[in-house]
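Here's the structure, in structure tokens; my notes come after.
Keep in mind that the numbers below use all heavy atoms, side chains included, and drop hydrogens, waters and symmetry copies. Just so we're clear, the structure is a prediction, and the values are computed from it rather than from any experiment.
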Amino acid sequence: MTSPVRVRFAPSPTGYLHVGGARTALFNYLVARQSGGTYILRLEDTDTERNTDASVRTIYEGLRWIGLDPDEGPEQGGPKGPYRQSERDALYRSLADELLSRGGVYPCFCTKEHLSAMRERQIAARVTQRYDRTCRAIPRDAALARVKAGEPYTLRLNVPEGETLLPDLIRGDVLVKNEDIEDIILVRTGGAVVYNLAVVFDDHHMGVTHVIRGEDHLTNTFKQLCIYDAMGWERPKFAHLPLILAPAGEGKLSKRKHPEAALEWYQKKGYPPEALLNWICLLGWSYDDKTEIMTRDEMIARFSIERIVKSGARLNLEKLDWMSGDYIRRMPLERVVAEITPYLVEAGLVSASPNADEIEKIRAVAAAEQGRLRCWSQIVELAGWVFAKDVAFEAKAEANLTKRPDSADILRAYAAGLAGQSFDDPKVLESWARAWAGERGLGFGDIVHPIRAALTGRAQGPGLFDVHRILGRAACVARLEAAAAKIGG
RNA sequence: GCCCCUGUCGUCUAGUCCGGUCCAGGACGCCAGGUUCUCAUCCUGGAAACACGGGUUCGAAUCCCGUCAGGGGUACCA
């Protein structure tokens with residue numbers, strides 16, 4: 001309330017954009033929007049070994065897809081840039097010098113070999129694994145002299161005595177004894193800074209007021225707090241989000257085992273981004289005991305960090321399907337048409353630039369299947385029968401076809417009867433069909449099932465007379481006769 | 001091992017701060033019934049939870065302690 005809110009989403013570009021990352025971005029965005037603040041994207045790419053450009057692109061594209069483009073970031077720039085840590089090294093180095101002169105860090109001359117040997121000894125002795133602070137004991141002047149002499153060194157956090165309190169917006173007060181905070185390396189041999197130092201420098205220099213990130217950073221926070229204190233900087237507020245767990249079984253959501261961990265997976269399946277966002281929003285947060293469906297503006301108006309849940313959330317894909325289906329059902333037909341077309345094209349069911357005839361058919365299919373779709377890609381399996389040259393029969397449909405011994409005769413007679421009928425209005429067609437069945441002493445159900453099977457190869461689908469209209473007279477007659485021939489007689 | 005976080009129906013959650021109105025509410029999923037030419041939708045009903053053990057109290061899902069379980073961290077990764 002005092003200073004304008006500035007929040008940031010700070011992923012490291014080492015893989016795909018994780019759903020959990022998307023949620024973190026959303027929560028940050030929501031906090032910014034509801035207070036007229038600024039939402040920043042910063043790429044945490046200080047680990048040059050693991051970063052890839054492809055990953056940077058998936059982050060941009062993923063955020064764009066769900067409508068969470070940042071106000072300031074690598075692509076859009078801003079007053080506090082650059083927004084990639086790899087481009088901020090000069091700042092880091094001068095700040096690291098200052099940290100050293102303030103005594104916030106001390107030079108360490110231990111070699112990697114020495115360190116890993118120490119670690120192994122600690123593991124063997126079943127004792128806490130932590131740097132033993134050997135170099136902390138070196139007198140400051142002596143250490144500085146060795147640095148000046150060119151001896152390789154790293155800079156380690158000089159953790160003070162006492163304890164550190166983190167007033168977390170979600171978790172409440174978390175208190176840690178400083179002896180449990182390790183003197184971690186903040187500056188590598190050669191002068192490159194490490195994540196824990198870069199975040200603090202950046203968050204401070206970018207004017208970040210609220211650090212909202214995953215709980216996996218909770219322990220890091222104590223080290224970062226020490227740095228804020230050593231620099232004499234005001235600390236931002238922290239909120240650590242619960243983690244997202246795998247949908248079934250144990251463990252967290254890992255990209256290797258769970259494809260649904262990647263945001264891209266949802267995009268490929270064709271979930272509407274607004275539905276996905278609504279679902280993600282409810283992962284670890286709720287407005288009250290009833291609200292489920294929310295527009296983006298409602299989320300902005302209602303969101304509050306205080307109502308974020310503390311415990312980890314498991315992914316519930318069935319709920320996403322339900323929610324997505326609900327969104328799709330309420331969409332205007334034109335949107336459905338536009339969304340399903342690329343999937344039909346990709347499946348080779350319609351041509352890349354559909355002709356008038358195909359467009360007409362796509363519209364009819366969209367209208368007929370809208371109520372059944374949970375994501376756009378489902379259109380292919382749901383409506384494949386419309387575009388297929390030959391009808392492929394499901395087992396159940398085949399059974400419906402041959403339930404009566406005189407099925408073939410019925411289908412042929414029905415096909416013949418169709419000749420004089422108008423296909424424009426399904427209702428008119430239906431009343432004709434009912435009468436037609438009645439005249440032959442057949443129940444409506446006796447003809448509906450075999451006809452559906454003959455026309456679509458399926459046992460379920462849109463209303464039978466919508467099916468008629470979608471297919472058109474010629475295709476209906478052809479399919480009825482083909483089915484009759486297939487079952488013989 | 002050590003440090004930290006968490007623990008309400010299968011899942012997401014409301015309720016927990018300010019003990020009684022909670023023999024615990026909603027949603028998804030599931031089961032049954034209804035509507036319908038099938039499926040989907042829609043409507044009605046149902047099964048389903050306060051991790052466990054001790055306290056405190058007239059009274060605890062709510063407060064305290066312990067146990068157990070799950071998760072995170074423990075790198076010259078982020």
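Protein atom NZ of A:K427 is 13 Å distant from nucleotide atom C1' of B:C37, rounded to whole Å. Here the C1' atom of nucleotide B:C39 and the CH2 atom of A:W385 are 12 Å apart, to the nearest Å. Put simply, CD on A:E292 is 16 Å from P on B:G25, counting in whole angstrom units.
Annotation: proximity of residues 364-380 of chain A to RNA chain B (heavy atom, distance under 4.0 Å) is found for A:G371, A:R372, A:R374, numbered in ascending order.
Looking at heavy-atom distances under 4.0 Å, A:C110 makes contact with a base. As judged by a 4.0 angstrom heavy-atom cut-off over every strand, A:T128 is placed among the base-contacting residues. Here A:K112 lies in heavy-atom contact (under 4.0 Å) with a base. As judged by a 4.0 angstrom heavy-atom cut-off over every strand, A:S116 is placed among residues making no nucleic acid contact. In this structure, A:R50 reaches the bases: a heavy-atom distance under 4.0 Å links it to at least one base atom across the strands shown. Looking at heavy-atom distances under 4.0 Å, A:R171 makes contact with sugar-phosphate atoms alone, never a base. Residue A:R434 is in sugar-phosphate contact alone, with no base atom involved, counting any heavy-atom pair closer than 4.0 Å across all strands shown. When heavy atoms are screened at a 4.0 angstrom cut-off, A:T154 is found touching base atoms of the nucleic acid. The residue A:N220 sits close to a base: some heavy atom pair falls under 4.0 Å. Residue-level contact check: A:P462 touches the bases, meaning some heavy atom is under 4.0 Å from a base atom. Base engagement by A:L464 is indicated by at least one non-hydrogen atom pair under 4.0 Å involving a base atom. Backbone-only contact: A:E44 has heavy atoms under 4.0 Å from sugar-phosphate atoms and none from a base.
Using cut-offs of 30° and 60° on the angle between ring planes, the pair A:Y287 and A:W285 is tilted.
Across every non-hydrogen atom of A:L41 and A:Y83, the tightest pair is O-CB, 3.6 Å. Nearest heavy atoms, A:I66 versus A:A22: CD1-CB, 4.0 Å.
Electrostatic pairing of A:R335 and A:E274 counts as a salt bridge here, judged by a charged N lying under 4.0 Å from a carboxylate O. Salt bridge A:E182/A:R130: absent, no basic N to carboxylate O contact under 4.0 Å.
Put simply, the residue from A:I340, A:I362, A:V386 that forms a side chain to side chain contact (heavy atoms under 4.5 Å, CB included) with A:I379 is A:I340.
As rounded to the nearest Å, B:U67 and B:C4 have P atoms that lie 13 Å from one another. Taking atom C1' on both nucleotides, B:U8 is separated from B:G26 by 13 Å, rounded to a whole Å.
You can call A:H217 stacked on the base of B:A78; the centres are under 5.5 Å apart and the planes sit within 30°.
Of the listed nucleotides (B:U38, B:C76, B:C37), B:C37 has the atom at the smallest distance from the side chain of A:V448.
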Protein N or O to nucleotides 14-18 of chain B N or O, pairs below 3.5 Å:
from  : atom 1 : to     : atom 2 : distance (Å)
B:A14 : OP1    : A:S286 : OG     : 3.3
B:A14 : O3'    : A:R307 : NH2    : 3.4
B:G15 : OP1    : A:R307 : NH1    : 3.0

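In this entry B:G10 has B:C28 as its Watson-Crick or G-U wobble partner, both defining distances falling under 3.5 Å.
In summary, the side chains of A:D321 and A:S324 do not present any donor paired with an acceptor at a separation below 3.5 Å, with no hydrogens or angles considered. No hydrogens or angles considered: a donor-acceptor pair under 3.5 Å links the side chains of A:Q85 and A:E44.
Under the ring-ring contact (aromatic ring centres under 6.0 Å, His included) criterion, A:H205 pairs with A:W233, sequence neighbours left out.
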